[in-house]
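Input: a single structure, listed below in structure tokens.
The figures here come from the full heavy-atom set of this structure, side chains too, leaving out hydrogens, waters and symmetry mates. So you know, we letter chains A, B, ... as the sequences are listed, proteins then strands, and number each from 1.
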Number of protein chains: 2
Amino acid sequence: MNDADVGLLADACRNVRDLPAGHHLIMEGDNPDPVFVMLDGWACGYKMLPDGGRQILAFMLPGDFCDIHIAVLRAIDHSFVTITPARVALLPRAQMEALVEIGPTITRAFWWSQLVDQSVLRAWIVSMGRRTARERIAHLMCELYIRMRNIGLANDANCNMPLTQLVIADAVGLTPVHVNRVLKSLRVEKVMELSAGSLTILDPVQLAEIAGFDGNYLHRRLRKAD
Amino acid sequence: MNDADVGLLADACRNVRDLPAGHHLIMEGDNPDPVFVMLDGWACGYKMLPDGGRQILAFMLPGDFCDIHIAVLRAIDHSFVTITPARVALLPRAQMEALVEIGPTITRAFWWSQLVDQSVLRAWIVSMGRRTARERIAHLMCELYIRMRNIGLANDANCNMPLTQLVIADAVGLTPVHVNRVLKSLRVEKVMELSAGSLTILDPVQLAEIAGFDGNYLHRRLRKAD
DNA sequence: CGCACGGTTGAAGCGGCTCAATCTGGGTGG
DNA sequence: CCACCCAGATTGAGCCGCTTCAACCGTGCG
């Protein structure tokens, strides 16, 4: 993208709003209007099940789009909530369409962003299908740490991680109770520590090994940063 | 899309090839060149794990794209194999790029196709994370049956389903042994029957109920058909 | 004929779940 | 400043779904 395109995008993000934690950006079934860009804070997308269970599908960190598809398809199939107090930029649907009309560069950027998201979704499926609780949680922590690092919000072995054990459980498909036990075991084994909304990686090598963290996948995440 | 666009796409699909079952379309780590369109037969995308396990990420039926991103990102993060003998159309990368240059309509069509794929991936995550073996298998069968019906390859209660129990296990994240037991229980309860490469739905209502099959998700799948 | 692959079945073990109680720290009202 | 409350973290005990291991069957095919 050239400067002009960047300028257009930045310009589009001027409609900013501050939201408290636990605020719903979109509910499943809503008529999709605006697109969101996270400027500050955390949010997540999730789906509810008939039995009241919840499955978190993605975490949104500062700089992330709220899945663009929401403005394209007529119906939404999942919801978004803020996890922390957050600042988001709103892009009305019309403006979104206008951006796409301008030229292929921006459209392609959106498209490309989709591909990265898909890659994350695929990794998520692998975690759910083939990894143990321990591996899943380690993998999630790796992913989130790397993403935080890519946007300059992590230092060497530590970063902010405002996730409740219940939220983690909903993300990795486990019980909060069991998440707790796994976190404890990782703590006593001096692999990583998660407390007070902050993640500390004590043994990066071992953590990556437990997680089976894919360098290829990681690479792509890193490229997203530039 | 107008007729001209459709013509361009159809024209792009002239490079056709017949492949045997078990043929790898792409291997993880390959340098991505062509894009594939399934014309006939089944294929699937999957990822291998260090321990030798396999997780299937998507099934490709006639009419499906082989994930477009493969031609966009430089590295591939998963592989594709044919499940049955198959006929595929090859789109060289350059031709793909050319199609995108032509105009926003086709680009947007690709983009939109991505969104549908993402929706399926999300549903898959929900299955893995929050559903029992029985529910997962029922859901997979619902999805595949609907997709077959959308492309005119299913009749009222029956369709082709050339999946081995091992393949199903790799898709839903279970053991082949357990898949077998679940299939048996669904059979004796007269819900559905899967044998000899063919699926028969005996009690559609009960099957959908077990699967927790989402009408919204279904709706979008149906729209893909037009 | 025999081999190989996919389906079928049984027995035993374990990872993660359920239920339930206790603990902790931060916030709130008095 | 204290009593209280509440959400989240922690821990224990028992159970169940799914896995593991292992054997056996059926069938298509070289």
N/O (side chain, Asn180(A)) to phosphate O (OP1/OP2, dA9(D)) under 4.0 Å: no
Interatomic distance, Met128(A) CE vs dG16(C) P [rounded to whole Å]: 11 Å
Under-4.0 Å side-chain N/O to phosphate OP1/OP2 contact, Arg187(B) with dT8(C): yes
Spacing of Asp170(A) atom CG relative to dC17(C) atom P, expressed in whole Å: 12 Å
Check: His24(B) ring centroid to Phe80(B) ring centroid under 6.0 Å: no
Inter-end axis angle, the helix from dC1(C)-dG30(D) to dG30(C)-dC1(D), with every axis fitted to five base pairs (rounded, 10 degrees): 30°
Touch class at under 4.0 angstrom, heavy-atom based, for Thr175(A) against every strand present: base
Separation of dG16(C) C1' from Arg134(A) CZ (nearest whole Å): 15 Å
Sugar-phosphate, base or nothing in reach of Leu174(A), heavy atoms under 4.0 Å: sugar-phosphate
Phosphate-side-chain proximity, Arg181(B) and dA11(C), N/O vs OP1/OP2 below 4.0 Å: no
Length of the line joining His178(B):NE2 and dC16(D):C1', which is rounded to integer Å: 11 Å
Under 3.5 Å donor-acceptor, Thr200(B) side chain and Leu194(B) backbone: no
Value rounded to 0.5 Å, distance of CG in Leu207(B) from SG in Cys142(B): 4.0 Å
Gln165(B) side-chain N/O to dC5(C) phosphate OP1/OP2 under 4.0 Å: no
Between P of dG17(D) and CD1 of Ile137(B), the distance in whole Å: 15 Å
Test of ring centre spacing under 6.0 Å for His78(A) and Tyr46(A): no
Name of the residue among Asp40(B), Asp18(B), Thr82(B) meeting side-chain hydrogen bond (donor to acceptor under 3.5 Å, both in side chains) with Arg87(B): Asp18(B)
Selected nucleotide, minimal atom distance to Val177(B) side chain, candidates dC18(D), dA22(D), dG8(D): dA22(D)
Touch class at under 4.0 angstrom, heavy-atom based, for Thr132(B) against every strand present: sugar-phosphate
Length of the CG-P vector between Leu163(B) and dC5(C), whole Å: 19 Å
Distance below 4.0 Å between Lys184(B) side-chain N/O and dT8(C) OP1 or OP2: no
Nearest-nucleotide 5' precedence on DNA chain D, Leu194(A) against Arg130(A): Leu194(A)
Between dG8(D) (C1') and Leu183(A) (CG): distance, integer Å: 13 Å
Main-chain N/O of Leu61(B) paired to Asp64(B) side chain as donor or acceptor, under 3.5 Å: yes
Distance in angstrom units between Glu135(B) CD and dG17(D) C1', rounded: 12 Å
Pairs where residues 186-208 of chain B contributes a residue and the test salt bridge (Lys or Arg N to Asp or Glu O under 4.0 Å) is met, not counting sequence neighbours: Arg134(B)-Glu189(B)
Sole residue of Ile146(A), Leu199(A), Val191(A) in side-chain contact (heavy atoms from CB on, under 4.5 Å) with Met141(A): Leu199(A)
